Amino acid sequence: MTEDKSSDLGQRIRKFREEKGMTLTELAEKVGVTKGYISQIESGGIKKVAASHLFDIAEALGTSIGYLLGRQVVFQSKADMETPPELREFQQKYDVPPEDVRMLESIEFRGERPKSVDGWKFIYEAIKHGRNL
């Protein structure tokens, strides 16, 4: 059975858009396309999306094309080498964008970082919830 990458792309876009609290119309306006076009991408109806549109969608959602395509982006930086294993596990388990992981890497409370996947999840959810207040 052939894997349908276009529907995976659409599902990731929808998931990220909804997490951001953005409507189809809002995303379409930011990207400069129609609401129907975004809807077709999200439903898997469009098999090939132009790179320029992917870039604009990723930018509007505050993520990378690599994340939207389900590709792990490998950053060669000192911060990545110091990423706690529990944070890496959290990233993989919950499909957290690399940009968000880099933000989480800087978090400490009284000189300590969370020591479990659940601890990282709690911090991440609290930050996401705080943005909606």
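All figures in this text were calculated on a predicted structure; none of them were measured in a lab.
- Atom CG of L9 and atom CD1 of I57 lie 7.0 Å apart (nearest 0.5 Å).
- Remark: the backbone N or O of E89 is not paired with any side-chain donor or acceptor of Q92 at under 3.5 angstrom.
- Taking the ring centroids of Y124 and Y94, they lie at or beyond the 6.0 Å cut-off.
- Across all non-hydrogen atoms, the minimal contact from I65 to A51 is CD1-O, 4.3 Å.
- No side-chain heavy atom of R102 sits less than 4.5 Å from a side-chain heavy atom of T83.
- R17 places a side-chain N or O within 3.5 Å of a backbone atom of M22 that can act as its donor or acceptor partner.
- Put simply, CD on E19 and CZ on F16 are 6.5 Å apart, with the number rounded to the nearest 0.5 Å.
- Smallest separation of non-hydrogen atoms from K121 and F90: CA-CE1, 3.3 Å.
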For this session: Could you give me the CA-CA distance, side-chain angles and deciding distance for I127 and M103, then say whether side-chain contact (heavy atoms from CB on, under 4.5 Å) is met?
Result: CA-CA 11 Å; I127 292 168; M103 176 271 305; 3.8 Å; yes

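- Looking at every heavy atom in both residues, P114 comes nearest to G119 through CB-C, 3.7 Å.
- Using a 3.5 Å distance cut-off with no hydrogens or angles, the side chains of R88 and Q91 do pair a donor with an acceptor.
- Open room surrounds NZ on K35; 12 or fewer heavy atoms of other groups in view lie less than 6.0 Å from it.
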Exercise. Where do V117 and K93 land on the side-chain contact (heavy atoms from CB on, under 4.5 Å) test, with the steps shown first?
Worked result: CA-CA 9 Å; V117 171; K93 184 174 182 179; 4.3 Å; yes

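- Rounding to the nearest 0.5 Å gives a distance of 7.5 Å between CD1 of I41 and NE2 of H53.
- For R12 against G70, the heavy-atom pair with the smallest separation is NE-N, 3.3 Å.
- A pairwise comparison of heavy atoms in A60 and K30 identifies CB-CB, 3.9 Å as the closest pair.
- Interatomic distance, D100 CG to Y67 OH, rounded to the nearest 0.5 Å: 8.0 Å.
- Put simply, CD on E99 and CG on L61 are 11.0 Å apart, with the number rounded to the nearest 0.5 Å.
- The CD1 atom of I13 sits 6.0 Å away from atom CG of L54, with the distance rounded to the nearest 0.5 Å.
- For the residue pair W120 and L104, the shortest heavy atom distance occurs at CZ3-O, 3.4 Å.
- Of the candidates I46, L27, T25, I38 forms a side-chain contact (heavy atoms from CB on, under 4.5 Å) with just one, namely L27.
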